[in-house]
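Computed from a predicted structure; not experimentally measured.
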Amino acid sequence: MTSRKYSKELVDGPNQAASRSMLRGVGFTSEDFTKPFVGIASTGAKVTPCNMHINQLAEVVEKSVDTSGGKGVLFNTITVSDGISMGTQGMKYSLVSREVIADSIETVVGCLGYDGLIAIGGCDKNMPGCVIGMARLNRPSIFIYGGSIRPSEENTDYVTVCEKTGEFSKGDLPEAELIHVEKISVKGPGSCGGMYTANTMASAIEALGMSLPGSSSQDAVSDDKQNDCKEAGLAIINLLDKDIKPSDIMTKKAFENAITVVISLGGSTNAVLHMLAMAYAIGVDLHLDDFTRIGKKTPVMADLKPFGSHYMSELNANGGIQPLMKMLLKKGLLHGDCLTVTGKTLAENLESVQPYNDKQQIIKSFENPIKENSHLRILYGNLAKEGAVAKITGKEGTSFEGIARVFNSEEDGVEAILAKSIKPGDVVVIRYEGPKGGPGMREMLKPTSAIMGQGLGNSVAFITDGRFSGGTHGFVVGHITPEAADGGLIAIVEDGDTILIDAENDQLLLKVSEDEIAHRISKWVNLTKTPEKGVLSKFAKSVKSASLGAVTD
């Protein structure tokens, strides 16, 4: 019999008549009480194109569960929009939403005795938030990606609009053209269409084994995505029958597979932060240095935006990430014996996958990769004693030494960039934007897009204790730890200092004498202003370092 490990305590026996009565009130029948309960966590909301369709997908999943022998129970959790809040104070809530999503899913499923869980996510923090919730509960679970948006007919997307704003500020673009691009570039539903954070995390979770094959690359509006949802019912019943839990799937080797796939796709720096947090939730010992170790042997193979030419929908039309994973497996770069939510191993899932056709130009060969090793570089040095994460493709070079231009908030930095006061050779330093200092570790897409839009992408570097959007490209270093709010050396950098970013030797250095550093530290005053109450206050008081995934428990 399919497992009813948790629901039976809620509804079996005369003493649970009151509970059953309440459930009858929402439509349960006597027969339903004999079935496994499967919670279906939807992040559907009209607040963002990424999630505007997910409630409809959740209804397809509910029907799939019901017709497969389970009892699906729909509930909602929150979503916020990074893209809409980018560059504003609202962005401080973005990373916080990951924790709220995980907490809420854990709360509902734990309270109501669901035997299994299917979660559907769209925007960036939905995905790690859902998986962290699954890991904490450790009940049979499947993650479904809401899917990717298609680019406009003029091959533009949300990040295009961000960079066009930089062109406008430089004076190279008429306002009418900016408004035109604004109007055509985001026509939902679906998550941002390049290999930005949403598609990065969807790909990582599929490679981890927690999504059905193909889920990560499918268009939001497509028969493929509908079928992904329809197949979830039988898949979760199979997991319940076999008692396959996230802890059986989310092993150290599975995380190594996910890291390998993220690197090969040229994925977002946020993958580092989120995978550390997901591993922490399931009890896997994952570290920043694992990204370096795996990155030394893993090439970047995908010509995908932001630094490439193609969108995820184009890759999906050519087979998605499964043929790439088969290539990596044959090369010995993936662990084929890892269990997945199909109930089969990764190698078994890939057996019947056909290779890419010879004409596609998105996924390169091992003989001619985009980059021979990882674009995600873990840097150390006096500016990052606990580590920092750089996204360096090689197109912008592998080393940068320049003069610091220091700002104590994102707003101050953006103002300077748009005022054209940043010059070639500068290293923009934006601090007090870390998990505690922000609080909330805002993404810096607005300033980095302004830099790219002004044509400074190859001549200006950017470092921060905040994060970057998956849409960011250029010579950028984020997640600097210790952050400024914790007294990290980034807090005492001054205008005119020399900073070295060396992605060959993985170093981030402030080239100031030890005596001068000691003098500045003795005079340092913490500029952090933590809110006195509310969710940002709770987050700031409980969050750990970005080098540990910015976890809160």
Side-chain angles (χ1 to χ4, degrees), residues 47-48 79-101 123-126 128-129 158-159 162 165-166 192 196-198 201 268-274 277 388-391 406-418 428-452 462-474 476-486 488 490-491 527-531 534-540 542-547 549-552:
V47 303
T48 171
T79 188
V80 299
S81 172
D82 297 359
I84 296 171
S85 64
M86 195 72 69
T88 73
Q89 290 292 302
M91 186 64 190
K92 292 182 176 181
Y93 291 88
S94 170
L95 185 58
V96 177
S97 76
R98 184 189 76 182
E99 306 306 298
V100 176
I101 291 166
C123 200
D124 299 6
K125 308 311 168 297
N126 297 176
Y158 166 77
V159 175
C162 294
T165 303
C192 294
Y196 313 141
T197 302
M201 290 313 302
S268 166
T269 53
N270 281 315
V272 179
L273 190 79
H274 296 322
V389 182
K391 185 179 183 179
V406 183
F407 306 96
N408 291 326
S409 72
E410 180 185 4
E411 285 83 357
D412 290 348
V414 169
E415 183 180 352
I417 296 165
L418 295 180
V428 176
V429 181
I430 294 184
R431 61 192 179 194
Y432 292 103
E433 292 287 3
K436 292 181 184 177
M441 205 177 182
R442 287 192 287 181
E443 291 181 348
M444 301 289 144
L445 181 59
K446 200 162 190 177
T448 57
S449 293
I451 288 170
M452 298 302 294
F462 189 110
I463 72 171
T464 181
D465 52 7
R467 297 181 294 129
F468 293 112
S469 162
T472 292
H473 55 127
V476 298
V477 184
H479 306 201
I480 290 176
T481 56
E483 61 175 292
D486 281 334
I490 189 173
L527 300 180
T528 304
K529 296 179 180 179
T530 303
V535 69
L536 292 180
S537 175
K538 292 176 186 176
F539 184 83
S542 62
V543 70
K544 293 182 173 63
S545 168
S547 63
V551 296
T552 56

Just jot down the salt bridge (Lys or Arg N to Asp or Glu O under 4.0 Å) partners of E415, sequence neighbours excluded, or say none.
->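 Listed in chain order: nothing, the list is empty.
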Quick one: list whatever passes salt bridge (Lys or Arg N to Asp or Glu O under 4.0 Å) with E483, sequence neighbours left out.
->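 Applying salt bridge (Lys or Arg N to Asp or Glu O under 4.0 Å) to E483 gives none.
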Between [X] and [Y], what is the shortest heavy-atom contact and its length?
X	Y	value
A271	M201	CA-SD, 3.7 Å
I490	A484	CG2-N, 3.6 Å
A277	G549	CB-O, 3.7 Å
P531	L536	CG-CB, 3.9 Å
V414	P447	CG2-CD, 3.7 Å
A450	L418	CB-CD2, 3.9 Å

Verify, without hydrogens or angle tests, whether [X] (side chain) and [Y] (backbone) share a donor-acceptor contact under 3.5 angstrom.
X	Y	result
T448	L445	yes
D465	T481	no
T552	S542	no
R431	A491	yes
D412	F407	no
Y93	V80	no

Side-chain donor-acceptor pair under 3.5 Å between S545 and S547, yes or no?
->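 The answer is yes; a qualifying pair exists.
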Verify the distance criterion only: is there a donor paired with an acceptor across the side chains of E433 and T464 at less than 3.5 Å?
->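 No, T464 and E433 have no side-chain donor paired with an acceptor closer than 3.5 Å.
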Would you say the side chain of E443 lies within less than 4.5 Å of the side chain of N270, judging by non-hydrogen atoms?
->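 A side-chain contact exists here, since the closest heavy-atom pair is under 4.5 Å.
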Would a 4.5 Å heavy-atom cut-off, applied to side chains only, mark F539 and E99 as touching?
->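 Yes, at least one pair of side-chain atoms sits under 4.5 Å.
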Test side-chain contact (heavy atoms from CB on, under 4.5 Å) on M86 and S449 and set out the steps.
-> CA-CA 11 Å; M86 195 72 69; S449 293; over 6 Å; no
Could you state the interatomic distance from [atom1] ([X]) to [atom2] ([Y]), rounded to the nearest 0.5 Å?
X	Y	atom1	atom2	answer
S85	R442	OG	CZ	9.5 Å
M452	C162	CE	SG	12.5 Å
M444	I430	CE	CD1	5.5 Å
T165	K446	OG1	NZ	8.0 Å
D486	K436	CG	NZ	4.0 Å

Could you walk me through whether K92 and E411 pass the salt bridge (Lys or Arg N to Asp or Glu O under 4.0 Å) check?
-> CA-CA 13 Å; K92 292 182 176 181; E411 285 83 357; over 6 Å; no
Counting only heavy atoms not in K538, do more than 12 sit closer than 6.0 Å to its NZ atom?
->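 No, not enclosed.
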When T197 is tested against each of L273, D124, T269, D82 for side-chain contact (heavy atoms from CB on, under 4.5 Å), which residue passes?
->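 Filter result, single survivor: D124.
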For residues Y158 and Y196, establish whether the separation of their ring centroids is below 6.0 Å.
->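 No, the ring of Y158 stays outside the 6.0 Å limit from the ring of Y196, centre to centre.
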